[in-house]
Every structure is written in structure tokens, then in C-alpha cells.
Protein chains: 2
Amino acid sequence: MGRQMTEMLKGTLEGIVLALLTGKPAYGYEITTLLRGQGFTEIAEGTVYALLVRIEQKGLVDVEKRPSEKGPPRKVYSLNEQGEKELDEFWNTWSFLSERLEQLRKAGK
Amino acid sequence: MGRQMTEMLKGTLEGIVLALLTGKPAYGYEITTLLRGQGFTEIAEGTVYALLVRIEQKGLVDVEKRPSEKGPPRKVYSLNEQGEKELDEFWNTWSFLSERLEQLRKAGK
DNA sequence: TCCACTACCTAGCGATACTATGTACCAGTA
DNA sequence: TACTGGTACATAGTATCGCTAGGTAGTGGA
């Protein structure tokens, strides 16, 4: 992963995962492959699991264990009310930053 | 500063400062007030100086010391060729992330 | 003399993504 | 049986970066 991308993902990756969970619960392995499918090809598996532990401890998601046909049981995460609130704030923060950066980009050329 | 914003600035603040420097050299105190003027009202002064040290050590900027009428001498930073290259990469990384997030936002509602 | 503004700098801290590695379950196959 | 590969989760250690909380120094005005 590029150094820039690694740093830029700090803070945004959590929002990305929360966004992925809106409406459709998912488990860690699934989230990793989802991210890879969306172009985040170099996200480390361990990064995702560590993030999931964090958002669970922050109380942003509910967890349910479900058996899998193909391996160890899955931990399915679903966004709860607090998680939705956090996601709202994330979009607000993102919008602010995004607008400032687009202005800067325009000004630059 | 909000926790989310603090984390999201990681990686982007460097790009923001490099963008501010395109075409118009500036010194640290000036950059801090510029940032404040653009809405980043809570950027800590120390953060800016530490960042400037970093981008200088990475060779992204040239530095020139100039006397000031109102205080200690200023260190004026100007973007060099390598800095412009880094800024290009920054915009690429930003664009990638930005597009993914806008897709996610659309999908979410 | 004291305060405010200008201007720069730094040590220590907290949060987060990455690296590297380990564990475990199952199916197919040689 | 033994091996391989895919599924699925977990974590210790590291590096980076922004913030906190100070400090130093020059100038001018109350």
C-alpha cells in the first residue's frame, strides 16, 4: 500500500466500513472481500479485524455469531443506532474536508 | 478538534499544505492563519510546524530565511519539483478515495 | 514594566493502518 | 493418510501523524 493511501485511510476506513454495513450486515471476511472488490485491493485482512474489534467496543455495531458451511463460525456485524449516528457525523466531517479540498484543487490550476 | 476530523486529516493535511504552497511560497505562521481562514479553525500551530519539518526533510520544499518587521525571522517554504510530484500523487490518491466514498454515499440512501 | 502579537520549535501522547504470524474448520485430492 | 487451498478470525509489534502543552525570541504599545 502506498504511504499516502495508508495515511489517508486513517479515519476514513472506519467510515467506509460503517457505510458498507448500512442495511446489510456482514462478517469480517466478507467485508474484506467487499473492500477488495471496490478497489481497495491492498487492505490487509488484519486491519479489518482490528477495526471491527474497535467499532464493536465503541458500541457502533451489534454482533451475532453464525455457523458457516465452509469454515469457522462467522461474526456478523450490523450497524445499530449509535453506529448510524457515527456514520452521519462521518459524512459531515467528510463533506467539510471534501469541499475544502475541491476548492484547493480548483485554485491550484 | 473532533476525533474524526483529527484522524481524517492524517495524510490529507500534508496535501493541503503542499496545495497551499503551489505558486505562492509561505512561512509557517502564515500557513497556520491561511488554514484557519479556510475553515480549519482548530489546527494546532505545533502541528503545522512539525509538518513543515517533515516535508523539508523529505525534500519536497525549499526553504529561505527572511527577516520580519514584527518578530523573529520567517522561514519561507516553496514547493520544488519533487514537491509538485508528491502533490500530483496526492491528488491521485485523493481522487481515488473521493470517488469510492461518493459511490458509497449514493448507495447508502 | 507588562502585555499582546508575531514567529518558530519540540517532547510526549493517542489513534490508526500495516506487517507478520498464528489458529481453526472444511473439502478435495494424491 | 497426508497435503493443499479456501474460509474465517485474531493479535503483538511497528511506524506515522496530528494533538497537547509547553518553551524561546523579537517587536511595539499601554
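Chain letters run A, B, ... following the sequence lines, proteins first and then strands; every chain starts at 1.
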Going from CZ on B:R3 to CD on A:E86, what distance comes out if it is rounded to the nearest 0.5 angstrom?
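Result: 4.5 Å between the selected atoms.
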
How long is the line joining [atom1] of [X] and [atom2] of [N], in whole Å?
| X | N | atom1 | atom2 | result |
| --- | --- | --- | --- | --- |
| A:L35 | D:dA8 | CG | P | 16 Å |
| A:E30 | D:dA8 | CD | P | 9 Å |
| A:M5 | C:dT19 | CE | P | 14 Å |
| B:I16 | D:dC17 | CD1 | C1' | 13 Å |
| B:E64 | C:dA7 | CD | P | 16 Å |
| B:R36 | C:dA7 | CZ | P | 14 Å |
| B:R54 | C:dC9 | CZ | P | 14 Å |
| A:E7 | D:dT16 | CD | C1' | 5 Å |

OP1, OP2 of [N] versus side-chain N and O of [X]: anything below 4.0 Å?
| X | N | result |
| --- | --- | --- |
| B:Y29 | C:dT6 | yes |
| A:Y27 | D:dA8 | yes |
| B:T47 | D:dC19 | yes |
| A:R3 | D:dA15 | no |
| B:S68 | C:dA7 | yes |
| B:K65 | C:dC8 | no |
| A:R66 | D:dA8 | no |

Can you identify which nucleotide, out of [options], has its nearest atom closest to the [X] side chain?
| X | options | value |
| --- | --- | --- |
| B:K75 | C:dC8, D:dC19, C:dC18 | C:dC8 |
| B:K10 | C:dA24, C:dA17, C:dG14 | C:dG14 |
| A:Y49 | D:dG18, C:dA7, D:dA10 | D:dA10 |
| B:K70 | C:dT6, D:dA8, C:dA17 | C:dT6 |
| B:E45 | C:dT16, C:dT10, C:dA7 | C:dA7 |
| B:P72 | C:dA7, D:dT7, D:dC19 | C:dA7 |
| A:R74 | C:dT6, C:dT19, D:dA8 | D:dA8 |
| A:E14 | D:dA10, C:dG14, C:dT16 | C:dT16 |

Would you tell me whether B:Q4 and A:T93 have side-chain atoms, one donor and one acceptor, within less than 3.5 Å of each other?
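Indeed, the side chains of B:Q4 and A:T93 share at least one donor-acceptor pair under 3.5 Å.
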
Is the gap between the ring centers of A:F96 and B:F40 under 6.0 Å?
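So the answer is yes for these two rings.
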
Considering every strand and a 4.0 Å limit on heavy-atom distances, what is the contact class for A:L13: base, sugar-phosphate, or nothing?
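Sugar-phosphate, no base atom in range.
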
At under 4.0 Å between heavy atoms, what does B:G46 touch on the DNA or RNA strands: base, sugar-phosphate, or nothing?
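It contacts base atoms.
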
Closest contact, heavy atoms only, B:N80 versus B:L60
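For B:N80 versus B:L60, the nearest heavy atoms are OD1-O, 2.9 Å.
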
Side-chain donor or acceptor of B:T12 paired with backbone N/O of B:M8 under 3.5 Å:
yes

Does the plane of the ring in A:W94 sit parallel, tilted or perpendicular to the ring in B:W94? Use 30° and 60° as the thresholds.
parallel

DNA chain C nearest-nucleotide lookup for B:E69 and A:G71: closer to the 5′ end is B:E69

